[in-house]
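From a predicted model like this one, the values you see are computed outputs, not experimental measurements.
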Amino acid sequence: MKKSTEIQSLPIINISDGSEIGKVRSLVVNPEKGSVDFLTVEHEDWQISVRAIPFKKVVGIGEYAVTVEHENAVIDLNEIPIANSLVNKKIRVTDARLMTRKGQMIGEIVEFHVDDESGAILTLELKSKNDSYYLDSTHVLTWGKDIVIVKEDAAEYFRETLVEEISTPQEAVVMEEAAATQADGLKDIESRQMELLVGRQTAEDIFSLEGELLIPKGAELTRTDIQSVKEAGPSVFVELTMNIR
């Protein structure tokens with residue numbers, strides 16, 4: 001499961017040749033299905049037409065990139081009327097207000113979570129007065145451009161945490177073990193990233209998203225350098241990994 005903001009701006013990598021196709025510009029929501037059906041692509045050479053990747057063509061969504069099998073996963077929306085229609089509907093979800101079918105305003109959506117395998121919208125993150133809540137998408141009746149309509153009793157199902165409360169000690173143990181395993185896996189990945197990069201030289205200057213020079217061309221990478229690039233954002237880290245020798 002991924003936050004929408006975790007997907008936006010990620011580099012899109014073509015697995016077949018290791019090239020970067022572009023970056024994710026936006027998530028295109030299908031209001032009939034309550035899912036993200038397309039990812040629009042930002043590319044400096046594509047100024048006239050809008051291009052996108054069908055979510056079903058996405059191989060994976062990682063911390064640092066979205067991957068596809070081949071560049072032909074990218075389509076021109078002008079050639080696909082259904083996709084173009086979805087883009088023009090501009091269903092943004094984030095910043096939409098949450099209203100019950102009887103007209104009660106019960107919150108504002110500040111974020112939503114997507115199944116990174118299917119594209120289905122799973123959970124809404126809400127702001128109501130000064131509090132934050134989560135609501136499962138199963139309570140949604142209508143996905144609108146500015147207002148999302150939910151069932152009359154939806155507010156009764158607001159949760160203060162993203163994960164359902166654990167009801168038994170046994171479930172707590174299972175959850176703790178799973179979390180520990182996942183944490184160990186992430187640490188192992190980060191360790192391998194460090195091993196692959198420490199001591200390598202940069203083939204190009206590496207800049208932050210704000211244009212600040214982080215690492216000059218020809219510099220020998222240290223752990224501190226790599227960590228600073230990670231903190232600068234996923235796209236900057238991918239830029240580093242594609243410019244080392």
Side-chain angles (χ1 to χ4, degrees), residues 1-10 24-40 52-58 60-63 66 77 80 82-179 182:
M1 184 166 67
K2 297 285 187 184
K3 289 184 178 182
S4 67
T5 50
E6 291 177 335
I7 302 174
Q8 287 178 320
S9 299
L10 279 179
V24 177
R25 180 164 63 184
S26 64
L27 283 63
V28 181
V29 173
N30 184 330
E32 302 299 324
K33 299 192 301 180
S35 64
V36 175
D37 280 12
F38 297 89
L39 303 177
T40 62
I53 296 173
F55 203 93
K56 62 183 179 181
K57 294 286 188 180
V58 172
I61 302 176
E63 183 181 0
V66 171
L77 291 186
I80 313 292
I82 294 177
N84 201 26
S85 174
L86 287 179
V87 172
N88 290 331
K89 285 182 179 180
K90 298 180 179 178
I91 307 296
R92 62 178 187 265
V93 182
T94 301
D95 295 330
R97 288 165 290 170
L98 202 71
M99 179 185 289
T100 68
R101 62 187 298 272
K102 289 190 177 180
Q104 295 296 322
M105 198 69 68
I106 57 175
E108 181 181 354
I109 302 171
V110 295
E111 178 60 281
F112 63 98
H113 297 77
V114 178
D115 184 326
D116 48 336
E117 295 292 333
S118 67
I121 298 175
L122 301 177
T123 312
L124 304 177
E125 187 174 338
L126 313 168
K127 185 176 182 181
S128 180
K129 295 184 179 179
N130 296 322
D131 299 315
S132 295
Y133 301 98
Y134 296 94
L135 179 69
D136 292 337
S137 63
T138 51
H139 298 280
V140 174
L141 298 174
T142 306
W143 299 93
K145 179 181 177 182
D146 301 307
I147 297 175
V148 172
I149 308 297
V150 294
K151 297 175 184 177
E152 190 59 32
D153 62 349
E156 297 176 17
Y157 295 90
F158 282 3
R159 301 194 309 271
E160 294 183 357
T161 56
L162 182 58
V163 181
E164 290 281 0
E165 290 185 3
I166 300 167
S167 57
T168 68
Q170 291 81 4
E171 287 178 350
V173 171
V174 171
M175 290 292 288
E176 287 174 1
E177 290 178 347
Q182 184 179 29

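With contacts defined as side-chain heavy-atom distances shorter than 4.5 Å, the pair Ile61/Leu10 qualifies. By the 4.5 Å heavy-atom criterion applied to side chains, Arg101 and Thr142 are not counted as neighbours. Side-chain contact check for Arg97 versus Val148: every heavy-atom pair is 4.5 Å or farther apart. Proximity of Leu141 to Lys151: side-chain heavy atoms (C-beta onward) are separated by under 4.5 Å at one or more points.
Classification of Lys33 and Asp37 as a salt-bridged pair holds, one side-chain N sitting under 4.0 Å from a carboxylate O.
For the pair Tyr134 and His113, the tightest heavy-atom approach, listed with the atom from each and the gap, is CE2-CE1, 3.9 Å. Taking every heavy atom of both residues into account, Pro54 and Phe38 meet most closely at CA-CD2, 3.6 Å. In plain terms, the two heavy atoms of Ala120 and Ser35 that are nearest each other are CA-CB, 3.8 Å. The minimum heavy-atom distance between Thr94 and Val110, with the atom names listed, is CG2-O, 3.4 Å. Closest heavy-atom contact between Met99 and Ile147: CB-CG2, 3.7 Å. Summarising the geometry of Lys145 relative to Ile91, their closest heavy-atom pair is N-CD1, 3.6 Å, with the distance given to 0.1 Å.
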>> Working note: Val66 + Leu39, criterion side chain to side chain contact (heavy atoms under 4.5 Å, CB included); need CA distance, chi angles, decisive distance, verdict.
In response: CA-CA 10 Å; Val66 171; Leu39 303 177; 4.3 Å; yes
>> Run the side chain to side chain contact (heavy atoms under 4.5 Å, CB included) test on Ile53 and Val58 for me, step by step, so that the C-alpha distance in whole Å, both residues' side-chain angles and the decisive distance to 0.1 Å come before the verdict.
In response: CA-CA 7 Å; Ile53 296 173; Val58 172; 4.1 Å; yes
If you look only at distance, which donor and acceptor atoms sit under 3.5 Å apart when one is on a side chain in residues 1-9 and the other is two or more places apart or in another chain?
| unit_1 | atom_1 | unit_2 | atom_2 | d |
| --- | --- | --- | --- | --- |
| Ser4 | OG | Glu111 | OE1 | 2.4 |
| Thr5 | OG1 | Glu111 | OE2 | 2.6 |
| Glu6 | OE1 | Lys3 | N | 3.0 |

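Between atom CD of residue Glu156 and atom CD1 of residue Ile106 there is a gap of 10.0 Å, rounded to the nearest 0.5 Å. In this structure, Leu124 CG and Leu98 CG are separated by 6.5 Å, a value rounded to the nearest 0.5 Å. Here the CZ atom belonging to Arg159 is positioned 8.0 Å from the CG atom belonging to Leu135, to the nearest 0.5 angstrom. Atom CZ of Phe112 and atom CD of Glu125 lie 11.5 Å apart (nearest 0.5 Å).
Partners of Ile80 under the side chain to side chain contact (heavy atoms under 4.5 Å, CB included) rule, at least two apart in sequence or in another chain, are Ile75, Ala83. A search for ring-ring contact (aromatic ring centres under 6.0 Å, His included) contacts involving His139 returns Tyr157, not counting sequence neighbours.
Using a distance-only test at 3.5 Å, with no hydrogens or angles considered, a donor-acceptor pair links the side chain of Asn30 to the main chain of Glu32. Put simply, the side chain of Glu160 never gets that close to the backbone of Ser132: no donor and acceptor are under 3.5 Å apart. A donor-acceptor pair is defined here as one N or O able to donate and one able to accept, closer than 3.5 Å; such a pair exists between the side chain of Thr40 and the backbone of Ser26. At distances below 3.5 Å, at least one donor-acceptor pair connects side-chain atoms of Ser137 with backbone N or O atoms of Ile121.
Each of Val114, Leu27, Ile109 was compared with Val93 under the side-chain contact (heavy atoms from CB on, under 4.5 Å) criterion, and only Ile109 meets it.
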